[in-house]
Amino acid sequence: MGGLTMEPAFVQAPEHRPKPTVTEATGIPVTDVDALAAEVGAASRDWGFFVVVGHGVPAGTVARATAAQRAFFALPAERKAAVRRSEAEPLGYYESEHTKNVRDWKEVFDLVPRDPPPPAAVADGEVVYRNKWPEDLPGFREALEEYTNALEELALKLLELLARSLKLRPDRLHGFFKEHTSFFRLNHYPPCPAPEVVLGVGRHKDPGALTVLYQDDVGGLDVRRRSDGEWVRVKCVPNSFVINVGDTVQVWSDDRYESAEHRVSVNSEKERFSMPYFFNPASGAIVEPLEEVVSEEKKPPRYSAYSWGDYFSTKLNGNFKWLDVDNLQIADFRKSYSSGDVP
């Protein structure tokens, strides 16, 4: 299914291979969006992940999006290849993505919630972010545009809760998202003949602010538990979204909240579908610890400022190129202080 065949490029190094069974995570909070901001803050601090219910996204909106997703991945290979993405045009279909330089067992379709205005001219080597919509797939575009609009509203609500949890005014973070660079992905993980040595997505942390994920009931999302470093499975809760904070929130909060390492395991019997919405700042946003957060305890910030657009571009490059080392990480912006300078 999905045109994938087993080959060495998929094989994870022995120390990163999933165990035959993964213990279900206990302790990841299931949080109502209307709950106190403190609960969201605690989840972001202790796990970097939480599950929301009572989110306000209409069930019909989710159903239309999931139906569109399944319809697309059921298309013949040549129909999907007609909207294949490339390094110059990184939106559309792809089935050869690498995480940590190991190929992921999945096929994806990427889009941006709003097409940017077309450029007057495209220079050689310039990246063009323009959605590639499959032809003759009725309702596909409409269903996904409806869904991403609803997810943007939810992401802004969650952003307010995060701000409140850091004792900031509710709209403190909104200015970073006036022309946000968010994108949306459809994931399809076909059954895998060797799930003991392969991952659907290798271990990684998300670079943006928030990821809002809808997953089916098959399961496979694993998070590395901070208390002992073990990989545990995020439970599938009906009519919920899984939320994780990304590197951007970790820097804004000056390490009060931590972007959690996670991955996706696959199985040999069932295909799995998921839909992550990556809520990212504007390209020109400068990411650094928030002044209010740093000054609260009168200590120097742990991170140097960096450009979100430049940082994100390096992440995207790793999807298409084999890199000798891991690409840019927020740890590269972490400041060095003498002992005792930073608590």
Side-chain angles (χ1 to χ4, degrees), residues 44 85 87-92 110-123 125-132 144-145 147-166 168-185 204-213 243-254 256-257 259 275-294 301-319 327-330 332-333:
S44 301
R85 73 183 193 181
E87 191 169 353
E89 296 181 307
L91 298 176
D110 286 342
L111 60 93
V112 289
R114 300 184 187 86
D115 273 319
V122 179
E126 183 177 354
V127 176
V128 177
Y129 289 91
R130 182 169 50 243
N131 286 328
K132 296 181 178 181
L144 297 186
E145 288 181 338
Y147 182 82
T148 54
N149 286 338
L151 267 288
E152 179 178 347
E153 292 183 15
L154 175 57
L156 287 170
K157 292 178 185 177
L158 295 167
L159 201 66
E160 289 187 2
L161 289 173
L162 281 171
R164 289 179 182 274
S165 73
L166 291 168
L168 306 172
R169 68 176 191 273
D171 65 348
R172 173 63 174 87
L173 304 175
H174 283 45
F176 294 103
F177 296 86
K178 288 183 178 179
E179 295 181 357
H180 57 84
T181 58
S182 304
F183 76 98
F184 176 59
R185 167 168 288 180
H204 68 285
K205 296 183 178 183
D206 292 346
L210 293 172
T211 302
V212 183
L213 173 77
I243 314 299
N244 65 278
V245 300
D247 292 345
T248 300
V249 168
Q250 179 169 332
V251 174
W252 279 339
S253 70
D254 207 34
R256 284 167 174 76
Y257 302 155
S259 177
M275 301 188 300
Y277 176 86
F278 300 96
F279 194 48
N280 297 332
S283 180
I286 301 300
V287 181
E288 60 186 328
L290 298 172
E291 181 182 358
E292 303 95 318
V293 173
V294 174
R302 288 176 165 85
Y303 295 92
S304 300
Y306 61 88
S307 162
W308 162 253
D310 293 344
Y311 181 58
F312 189 44
S313 294
T314 65
K315 293 288 189 180
L316 292 178
N317 288 341
N319 293 339
N327 59 16
L328 196 63
Q329 307 291 324
I330 59 168
D332 297 315
F333 300 99

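These numbers were taken from a predicted model, which means no experiment stands behind them. Heavy atoms only: backbone and side chains are in, while hydrogens, waters and symmetry mates are out.
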Check your understanding: What distance do Leu166 atom CG and Leu173 atom CG have between them, rounded to the nearest 0.5 Å?
Key ->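 Reported to 0.5 Å precision, the distance equals 7.5 Å.
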**Study point:** Interatomic distance, Asn280 atom CG to Thr211 atom OG1 [nearest 0.5 angstrom]
**Key:**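 Here the rounded value is 7.5 Å.
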If we only count heavy atoms from C-beta on, is the [X] to [Y] side-chain gap below 4.5 Å?
X	Y	answer
Val212	Pro276	no
Asn131	Val112	yes
His174	Leu156	yes
Phe312	Phe278	no
Pro113	Tyr277	yes
Tyr147	Phe184	yes
Pro90	Asp110	no
Leu210	Asn244	no

**Study point:** Residues in ring pair (Phe, Tyr, Trp, His ring centres under 6.0 Å) contact with Phe279, at least two apart in sequence or another chain
**Key:**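 In terms of ring pair (Phe, Tyr, Trp, His ring centres under 6.0 Å), with neighbours along the sequence ignored, Phe279 is linked to Phe177, His180.
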Treating [X] as the side-chain partner and [Y] as the backbone partner, does any N or O pair qualify as donor plus acceptor under 3.5 Å?
X	Y	value
Asp254	Arg302	yes
Arg256	Val293	yes
Asp171	Glu160	no

Review point. So does Arg164 have more than 12 non-hydrogen atoms from other groups sitting under 6.0 Å from CZ?
Key: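 Not more than 12 within 6.0 Å, no.
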Exercise for review: Decide whether Tyr129 and Thr181 meet the rule of one side-chain donor and one side-chain acceptor closer than 3.5 Å.
Suggested key: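 The criterion, which ignores hydrogens and geometry beyond distance, is not satisfied for Thr181 and Tyr129.
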Check your understanding: Side chains of Asp247 and Tyr311: is there a donor and an acceptor less than 3.5 Å apart?
Key ->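 Judged by distance alone, the side chains do pair up.
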